[in-house]
Protein chains: 2
Amino acid sequence: MDYTIKQVSEKTKLKAHVLRYYEREGLLPFVSRSESGIRRYSEDDLEWIGLICCLKNTGMAIKQIKKFVELSMQGGKTLKQRCDMLAEHKKDVEAQIEKMQKHLRKVEHKIEYFTEQYEKYKIDNT
Amino acid sequence: MDYTIKQVSEKTKLKAHVLRYYEREGLLPFVSRSESGIRRYSEDDLEWIGLICCLKNTGMAIKQIKKFVELSMQGGKTLKQRCDMLAEHKKDVEAQIEKMQKHLRKVEHKIEYFTEQYEKYKIDNT
DNA sequence: TATTGACTTAAAGTTAACGTTAAGGTTTAC
DNA sequence: GTAAACCTTAACGTTAACTTTAAGTCAATA
């Protein structure tokens, strides 16, 4: 049960040209082809794409993801290295979330302040 | 007590050329100049830059920030509009954080899985 | 059989947000 | 008073991550 690029595009919300671009960039070296050269994505490939999207959406650069994929292709001997990479990334994501939350509080304060000001403004202008 | 571009650069961690770039893009229309045309940043300006960085670091595009600044320059009559803009942005930031947290859990699961695999691998290869 | 539509590659274009360079004016420290 | 350390504008360059275009192959459908 393989999928065409279009089906994968629909499942992953990644445009077909983006899937090809990722492949060119070395993010999807495992995707196989039919006799006529057409891409055939397996269930496993979809799992992989899921992880790649997760890493990308948390700010990992494509080059870094490529490194991770390359390590994975080398089998068990790189498990420790991959673990370390993900642990590093985890820290990074946690830091991002904290920063975001801090910024969020600032935005919330501003909203409160502007709301107050707006109430005053309405009274002064009636 | 005004600041030079360099001092502001140090305080805000924004390079001087970035401050000039932001000004060109309409993010800092309030910054005044000395007689000889040198930028003089007030304490208030620093406050403003703080908010701008907050919005930028939470993913608001420079064009959007410019809109917000322009509204602010028009005074009290735009308070409601600004409130609405920030409320929209707040939602956006909250969504970003949630997404990040979801992705973080996936990364954590992968780390757990790889750690297990690594333990097995070590046993098989001794 | 012809045309529609999905697939292919290579390569050039786009966008946001800077970053760098050139060419020159001004202020401050010794 | 002069050299270093600032400042200015204008314009071109860079990077990441796509996006589009051009030119063509292949398979199924009317």
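In what follows, chains carry the letters A, B, and so on, assigned in the order in which the sequence lines appear, proteins first and then strands, with residues in each chain numbered from 1.
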inquiry  = At less than 4.0 Å, is any side-chain N or O atom of Ser36(A) found next to OP1 or OP2 of dT25(D)? Yes or no.
reply    = no
query = Starting at the 5' end of DNA chain C, which residue's closest nucleotide do you reach first, Ile38(B) or Met60(B)?
reply = Met60(B)
ask   = With sugar-phosphate meaning primed atoms plus P, OP1 and OP2, does Ala16(A) contact a base, only sugar-phosphate, or nothing at under 4.0 Å between heavy atoms?
value = nothing
Which atom pairs link the protein and nucleotides 18-22 of chain D when you take only N or O atoms and keep those under 3.5 Å?
from    : atom 1 : to       : atom 2 : distance (Å)
dC18(D) : OP2    : Tyr22(A) : OH     : 2.7

message = Any carboxylate oxygen within less than 4.0 angstrom of a Lys/Arg side-chain nitrogen, looking at Lys120(A) and Asp124(A)?
response = no
inquiry  = Rounded to the nearest 0.5 Å, what separates atom CE in Met85(B) from atom CD1 in Ile65(B)?
reply    = 8.5 Å
remark   = Which of dT9(C), dA16(D), dT8(D) is nearest the side chain of Arg20(A)? It is dT9(C)
task = Quickly work out the Glu23(B) CD to dC18(C) C1' distance and round it to whole Å.
result = 16 Å
inquiry  = Tell me the interatomic distance from Leu27(A), atom CG, to dA16(D), atom P, rounded to whole angstroms.
reply    = 14 Å
query = So does Arg39(B) get a side-chain nitrogen or oxygen closer than 4.0 Å to the phosphate oxygens (OP1/OP2) of dT9(D)?
reply = yes
query = Does the distance from a Lys or Arg side-chain N to an Asp or Glu carboxylate O, for Arg33(A) and Glu23(A), drop under 4.0 Å?
reply = yes
ask   = Does Lys67(B) come within less than 4.0 Å of Glu70(B), counting only side-chain N to carboxylate O?
value = no
query = Arg40(B) near the nucleic acid: base, sugar-phosphate alone, or nothing, with a heavy-atom cut-off under 4.0 Å?
reply = nothing
request  = For the pair Glu25(A) and Lys63(A), find out whether any cationic side-chain nitrogen is under 4.0 Å from an anionic carboxylate oxygen.
outcome  = no
task = For the pair Glu108(B) and Arg105(B), find out whether any cationic side-chain nitrogen is under 4.0 Å from an anionic carboxylate oxygen.
result = no
query = Rounding to a whole Å, what distance do you find between Ile5(B):CD1 and dC6(D):P?
reply = 13 Å
